[in-house]
Amino acid sequence: MEKRIQTHTKNTPWRRPRGAAGRRGWVPAWHGAWAMLIMPPAAGIILSGFKIPQLALLGFWWFGYFAFYPFTLFLKTRFRRCFLRPFAVYAAVCILCGAPLVFCFPRVLCAAAVFLPLILISCFCSWKRMERSLLNDSVTVLAACLILFVFYALGAHRSPLMWAVLAFCSFACYFLGTVGYVKTNIRNRNSLPWLAASVSFHLFSLILIVSLCSAARISPAVTAAHFLFWAVLLLRSAAVPLYGRRHGWLRPRVIGLTELAFCIVLFVLVLCGFCV
């Protein structure tokens, strides 16, 4: 889902964002990020089995996100000091949550080799004011979904790793697919290449997820439910933009609410595969 924050060119003077984003960095305005913040960690905890260290990781993950938001605004606005205060507060809490975790489980530092490049790429995009670019959206989604494996590693390992792989791919394919779908209905609504890419990616996702369901030995009923869900997503990736071209485009709020419903269905569907 696209981040709801105003985009500026290099020659455009920066103006304080409106609404939640205008609270000087204290409240993130990336509305589409909330599902990505919650669903992969929750799935990792449920699939692996809860353990106390996962609470520390959850605090580190959430406050790290809250710190990352004002830092990107700090870069985007060319070092406006008003964003340093929320960054410092959230970063301090993030460190307090992460320090005991690293001390007790030093192996979690191995995840830095994966997440650090993604964070640096996103920071670069913020510096260049490319926060709506496909590159930034892709690395953000990958980072948000990869955290599932860290939560899984700190748990009781009650489920096979293949189930975590299926959950990761389901979330990553959904959120990456949503990036293209939203663009075909808002910013790139008249672009045929974007529409073709979006539909093609949803078709690829359908084939991938159904194949992984078979590899993970998910029950036939749940596998069929996965197939139906992704088939609906494939249909909507083509039907909604084509409808918009002929009869008028859906409002962003309508698109956002429907995607929220799809998020809930996906989360339930992913967990059902491991309960049935």
Side-chain angles (χ1 to χ4, degrees), residues 1-5 19-20 27-47 62 65 132 137-138 140-142 144-145 147-148 166-189 194-195 197-210 212-213 218-219 221-276:
M1 298 182 181
E2 290 190 315
K3 301 169 184 176
R4 311 292 188 188
I5 186 170
V27 181
W30 299 336
H31 305 306
W34 291 106
M36 294 190 292
L37 268 179
I38 297 171
M39 290 168 57
I45 293 172
I46 294 171
L47 294 179
W62 281 351
Y65 163 73
R132 290 186 182 271
D137 288 338
S138 299
T140 301
V141 168
L142 286 177
C145 295
I147 198 66
L148 183 151
L166 174 58
F168 163 76
C169 290
S170 297
F171 294 142
C173 285
Y174 173 75
F175 290 123
L176 286 172
T178 300
V179 170
Y181 169 69
V182 171
K183 286 183 181 297
T184 59
N185 283 281
I186 300 179
R187 289 184 170 271
N188 301 93
R189 58 176 52 168
W194 264 107
L195 179 60
S198 176
V199 173
S200 299
F201 182 81
H202 280 85
L203 177 60
F204 164 79
S205 299
L206 186 153
I207 297 172
L208 174 65
I209 299 304
V210 172
L212 288 175
C213 285
I218 302 299
S219 71
V222 177
T223 300
H226 275 277
F227 175 83
L228 179 61
F229 176 80
W230 288 97
V232 170
L233 291 184
L234 174 61
L235 179 62
R236 76 94 158 86
S237 70
V240 174
L242 292 177
Y243 174 87
R245 285 170 174 264
R246 292 188 175 186
H247 304 288
W249 299 95
L250 297 180
R251 297 194 308 176
R253 176 171 294 183
V254 174
I255 294 175
L257 290 176
T258 55
E259 292 310 298
L260 176 60
F262 278 124
C263 282
I264 296 172
V265 173
L266 176 62
F267 185 73
V268 173
L269 190 59
V270 165
L271 295 184
C272 280
F274 316 120
C275 300
V276 178

Undergrad: Can you give me the closest heavy-atom contact between A33 and Y65, atom names plus distance?
TA: CB-OH, 3.7 Å

Undergrad: Give me the atom names and distance for the closest heavy-atom approach of L148 to A167.
TA: CD1-CB, 3.9 Å

Undergrad: What's the shortest heavy-atom distance between A172 and V141, and which atoms?
TA: O-CG1, 4.0 Å

Undergrad: Is it true that a side-chain atom of W62 and a backbone atom of L37 form a donor plus acceptor pair closer than 3.5 Å?
TA: yes

Undergrad: State, with a plain yes or no, whether a side-chain heavy atom of L242 is found less than 4.5 Å away from one of L195.
TA: yes

Undergrad: Which value, rounded to the nearest 0.5 Å, describes the distance between I186 atom CD1 and W249 atom CH2?
TA: 10.0 Å

Undergrad: Check whether any side-chain heavy atom of V232 lies under 4.5 Å from a side-chain heavy atom of F262, and answer yes or no.
TA: yes

Undergrad: In the structure I gave you, are the side-chain heavy atoms of W230 and L208 within less than 4.5 Å of one another anywhere?
TA: no

Undergrad: For the atom pair CZ (F171) and CE (M39), what is the distance rounded to the nearest 0.5 Å?
TA: 4.5 Å

Undergrad: Which heavy atom of S138 sits nearest to which heavy atom of L176, and what is that distance?
TA: CA-CD2, 3.8 Å

Undergrad: Any idea which heavy atoms bring L266 and S170 closest together, and the distance?
TA: CD2-O, 3.9 Å

Undergrad: I'd like to know whether CZ of F227 has more than 12 heavy-atom contacts from other residues, nucleotides or ligands below 6.0 angstrom.
TA: no

Undergrad: Do the side chains of I46 and F267 get nearer than 4.5 Å, heavy atoms only?
TA: yes

Undergrad: Taking the side chain as every heavy atom from C-beta outward, state whether Y181 and I255 have any atom pair closer than 4.5 Å.
TA: yes

Undergrad: Apply side-chain contact (heavy atoms from CB on, under 4.5 Å) to L203 and list each qualifying residue two or more places apart in sequence or on a separate chain.
TA: I207, L234

Undergrad: Working to the nearest 0.5 Å, report the span between CG of L269 and OG1 of T223.
TA: 9.5 Å

Undergrad: Quick one: CG on N185 to CZ on R245, what's the gap to the nearest 0.5 Å?
TA: 10.0 Å

Undergrad: Is any side-chain heavy atom of C213 less than 4.5 Å from a side-chain heavy atom of V222?
TA: no

Undergrad: Find out whether V265 and F229 are in side-chain contact, i.e. whether some heavy atom of one side chain is under 4.5 Å from a heavy atom of the other.
TA: yes

Undergrad: Once you round to the nearest 0.5 Å, how far does CG of L206 lie from CZ of F201?
TA: 12.0 Å

Undergrad: Flag yes if more than 12 heavy atoms outside R251 fall under 6.0 Å of its CZ atom; otherwise flag no.
TA: no

Undergrad: For R236, give me all partners under salt bridge (Lys or Arg N to Asp or Glu O under 4.0 Å), at least two apart in sequence or on another chain.
TA: E259

Undergrad: Going by heavy atoms in the side chains, are S205 and Y174 under 4.5 Å from each other?
TA: no

Undergrad: Give the C-alpha distance, both sets of side-chain angles, the deciding distance and a yes or no for side-chain contact (heavy atoms from CB on, under 4.5 Å) between H226 and L212.
TA: CA-CA 10 Å; H226 275 277; L212 288 175; over 6 Å; no

Undergrad: Nearest heavy-atom pair of S237 and S198: which atoms, and what distance?
TA: CB-OG, 4.0 Å

Undergrad: For F168, what residues pass the ring pair (Phe, Tyr, Trp, His ring centres under 6.0 Å) criterion, not counting sequence neighbours?
TA: F149

